[in-house]
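One structure is given below, encoded as structure tokens.
Quick note: numbers below take in every heavy atom, side chains included, and nothing from hydrogens, waters or symmetry partners. By convention in this document, chain letters (A, B, ...) are assigned in the order of the sequence lines, proteins followed by strands, and residues within each chain are numbered from 1.
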Amino acid sequence: MSQKCHKAIHWFRKGLRLHDNPAFIEACKDASELYPVFVLDPWFVTNANVGANRWRFLAQTLNDLDNNLKSLHLRLFVVRGNPEIELEKLCKKWEITKLTYEVDTEPYAVARDKCVDLKMDNLGVSVVKCISHTLFDIHKVVKVNGGKAPLTYQSFQTAAARMGPPAQAVASPTLQDLQGCRTPIADTHDKEFGVPTLKDLGICSEDLGPNLFQGGETEALERMERHLKKVNWICAFEKPKTEPNSLVPSTTVLSPYLKFGCLSARLLYHKIIQVYKGKKHSQPPVSLLGQVLWREFYYTVAAVTPNFDKMEGNPVCKQIPWQENSEHLDAWKMGRTGYPFIDAIMIQLRQEGWIHHLARHAVACFLTRGDLWISWEEGQKEFEKLLLDADWSLNAGNWMWLSASAFFHQYFRVYSPIAFGKKTDPNGDYIRKYLPVLNKFPAKFIFEPWKAPLTMQQAASCIIGKDYPKPIVDHDTVRQKNIQKMAAAYAKSKNGASNDVKDLATSKKRPSSDASNSPVKKKKKA
DNA sequence: ATTGCGTTGCAAAA
DNA sequence: TTTTGCAACGCAAT
């Protein structure tokens, strides 16, 4: 009953892998010809917020995908242009009858796919979509949560638990699975449809950092297996206890692979469960499995919250009067704040494209509610450009978390740009690596070199204010001011949420709570 | 309606 | 070394 009745395109977008790719399997079914396609939208090349390191990661990923397809006697077709238009052209050219792709819940993708679906409908091409980027059908999670986005990890976990375990990962197709289905390849394939080089993408080599994380499914699976072998480490893993400033990553760095779908989150999920089996192990939210669930949490909220990557018009986001300051923003971006821990992190980010989660916390807090009082949207843009793992839902969600705009509200917990890094790196080796200009300072002053006496600065060949900047703000001062500003913004949103007019005495509703919560009323009792 | 709790702060006081 | 001040939102359990 396997009639070869289809000529199919599988459209790769995320999900740049062959394992656990049910939509790709669907394309193989009953197909005489199969065309794996990746559409490179030139608009993205010129306008999107993608830095050189992530372009390289994507190019490596596409090359790896093409190589893995070759072993199935298939090839990847990279085409340039608007997906809607290019796919239509290809469907006509190749007489396609079936298009398959993986569901993508990001707003731009939803809109794009809607247009493509319409076009395919007009062409009489059947469209098959499968869920494999997330653990669950996240709209079902929302439904189970009473039709609204879960706003806490707990409520997400409750909803997720009601979903039952995520589906098992689907195996990669074999030559047998393909049953002789082939990709017709022209001699001109590489010229016409080859994976673009960095030169094609307009990437200058001076913008590239060291190639620490090779893109692609092959490396993703190897990296995963390497970590899964460390059974004790997996079972004991607690994210908050991993070090933000270790010289080799203290976590798995699977995030870039999950972002592009080089690695299936479901596969990782079930592999971790296997390692746990019969052993005592840490629990969500801090466990390794808990990290996969955090990803799912943000994907879920982001999919059903309008304007999730903005403050205005975003119903889950606290409205806070951030201020613009392009000098401070540039200093933060370029690692010139005068706080070595912050600057070292930003330089690692710029050079290498990955920083530890807690390092992200430190610099995000510094930019927003901690020190500079600049909008989290600015930080979000910079992370989007520089992070290999920049993932729309997670990036926006985490920036709101850190700026105490959503999910997290204890805004008086402010990371110290001096104390936080010292805990796990008292000698400042991390700072010395990324800010070699400070290398000759003794440990006592490496986190606050402006306090070193001038003779010591001279001995270190680094005069603060000349060879390395003075702090652009005084942390202790701005921290206190900013906590007060946060209190004011919170109070305003509370009042504004109900009614402006009622301020004076008439409101007898919840008098005790109003009084006790008011920041002005801070009196010691008795 | 009220209470308890939540992935990851810090520094001074006890 | 542990506790407390900073001043606290959303949700689930009671």
Side-chain angles (χ1 to χ4, degrees), chain A residues 145-146 148-159 161-162 236-245 250-251 282-298 301 305 315-320 341 355-366 368-371 394 397-398 400-424 447 475-498 509-525:
Chain A
N145 192 54
K148 42 192 201 328
L151 292 178
T152 65
Y153 190 83
Q154 265 194 348
S155 58
F156 168 76
Q157 261 193 302
T158 306
R162 287 210 258 160
F237 185 95
E238 290 184 36
K239 185 63 163 277
K241 291 188 180 162
T242 57
E243 300 187 1
N245 44 12
S250 60
T251 51
S282 52
Q283 294 291 330
V286 296
S287 64
L288 192 60
L289 197 74
Q291 307 312 303
V292 184
L293 295 173
W294 276 107
R295 172 180 183 272
E296 196 78 3
F297 166 65
Y298 285 124
V301 200
T305 306
V316 304
C317 184
K318 195 72 71 183
Q319 304 297 300
I320 296 168
F341 180 58
I355 52 178
H356 185 275
H357 185 63
L358 292 176
R360 300 179 197 203
H361 278 215
V363 297
C365 185
F366 189 90
T368 58
R369 67 186 167 86
D371 294 80
L394 280 61
N398 277 311
M400 281 188 269
W401 181 293
L402 259 298
S403 60
S405 300
F407 313 118
F408 171 85
H409 311 279
Q410 285 165 292
Y411 52 75
F412 43 87
R413 291 190 185 174
V414 177
Y415 287 85
S416 162
I418 297 151
F420 187 66
K422 274 188 190 170
K423 285 189 289 188
T424 48
F447 283 85
H475 175 70
D476 290 331
T477 309
V478 294
R479 176 188 159 275
Q480 294 202 359
K481 282 187 185 164
N482 290 346
I483 287 176
Q484 283 172 9
K485 286 193 220 170
M486 287 301 290
Y490 268 56
K492 195 176 172 191
S493 83
K494 208 179 210 175
N495 295 336
S498 55
K509 261 202 140 167
R510 302 166 34 165
S512 67
S513 103
D514 274 355
S516 67
N517 285 341
S518 166
V520 191
K521 289 252 140 74
K522 205 54 282 220
K523 286 277 121 71
K524 282 213 160 117
K525 21 168 111 175

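As rounded to whole Å, 14 Å separates atom P of B/dG6 from atom CD of A/Gln283. One can place NZ of A/Lys485 at 18 Å from C1' of C/dC6, the figure rounded to the nearest angstrom. A straight line from CH2 of A/Trp401 to P of C/dC9 spans 15 Å, rounded to a whole angstrom. At whole-Å resolution of the value, CZ in A/Phe420 and P in B/dT8 are 11 Å apart. Note: CZ (A/Phe412) to P (B/dG9) measures 10 Å, nearest angstrom. In this structure, the CZ atom of A/Arg479 is 10 Å from the C1' atom of C/dG5, given to the nearest Å. One interatomic measurement links the two molecules: NZ of A/Lys148 to P of C/dG10, which rounds to 13 Å at whole-angstrom precision. Rounded to an integer number of Å, the gap from CZ of A/Arg369 to C1' of B/dC10 is 12 Å.
Between B/dC10 and A/Arg413, no contact under 4.0 Å exists linking OP1 or OP2 to a side-chain N or O. Contact annotation: A/Lys423 side-chain N/O to B/dT8 OP1/OP2 distance is not under 4.0 Å. In this structure, A/Tyr153 does not reach the B/dG6 phosphate: none of its side-chain N or O atoms is under 4.0 Å from OP1 or OP2.
Counting only heavy atoms from C-beta on, A/Pro240 has its side chain closest to B/dT8 among C/dA7, B/dT8, C/dG10. Side chain of A/His361, nearest nucleotide from B/dT8, C/dC9, C/dC11: B/dT8. With distances taken from any side-chain atom of A/Lys239 to the nucleotides B/dA11, C/dA8, B/dT7, the minimum falls on B/dT7. Here the side chain of A/Ala419 is nearest to one of B/dC10, C/dA8, B/dT7, namely B/dC10. Taking every side-chain heavy atom of A/Ser416 into account, B/dC10 is the closest of B/dC10, C/dC11, B/dT7. In this structure, the nucleotide among C/dA12, B/dT7, C/dG10 sitting nearest to the side chain of A/Ser155 is C/dA12. Comparing atom distances between the A/Tyr490 side chain and each of B/dT8, C/dC9, C/dG10 picks out C/dC9 as nearest.
Aromatic ring orientation, A/Phe297 versus A/Trp294: perpendicular (interplanar angle above 60°, classes split at 30° and 60°).
Remark: the separation of the P atoms in B/dT7 and C/dA13 is 14 Å, to the nearest Å. Distance check on atom C1': C/dC6 versus B/dT2 gives 24 Å, rounded to whole Å. Rounded to whole Å, the separation between the C1' atoms of B/dC5 and C/dA8 comes to 12 Å.
Closest non-hydrogen pair, A/Ser405 versus A/Ile320, comes out as OG-CD1, 3.8 Å. Shown here for A/Leu293 and A/Pro284, the closest heavy-atom pair between the two residues is CD1-CG, 4.0 Å. Considering all non-hydrogen atoms of both residues, A/His475 and A/Ser416 come closest at NE2-CA, 3.9 Å. Residues A/Ser155 and A/Leu151 come closest through the heavy atom pair OG-N, 3.7 Å.
When atom types are taken as modelled, the side chain of A/Gln319 and the backbone of A/Cys317 share a donor-acceptor pair closer than 3.5 angstrom.
The aromatic ring of A/Tyr415 does not stack onto the base of B/dC10, failing the criterion of a centre distance under 5.5 Å from the six-membered base ring together with planes under 30° apart.
When heavy atoms are screened at a 4.0 angstrom cut-off, A/Leu151 is found touching the sugar-phosphate backbone but no base atom.
When ring centroids are compared, A/Phe341 and A/Phe366 stay outside the 6.0 Å threshold.
With respect to A/Phe407, the side-chain contact (heavy atoms from CB on, under 4.5 Å) criterion is satisfied by exactly one of A/Leu402, A/Val301, A/Asn398: A/Val301.
Remark: DNA chain B takes part in the stems B:1-6 with C:9-14, B:9-14 with C:1-6, each of 3 or more antiparallel Watson-Crick or G-U pairs, criterion distances under 3.5 Å.
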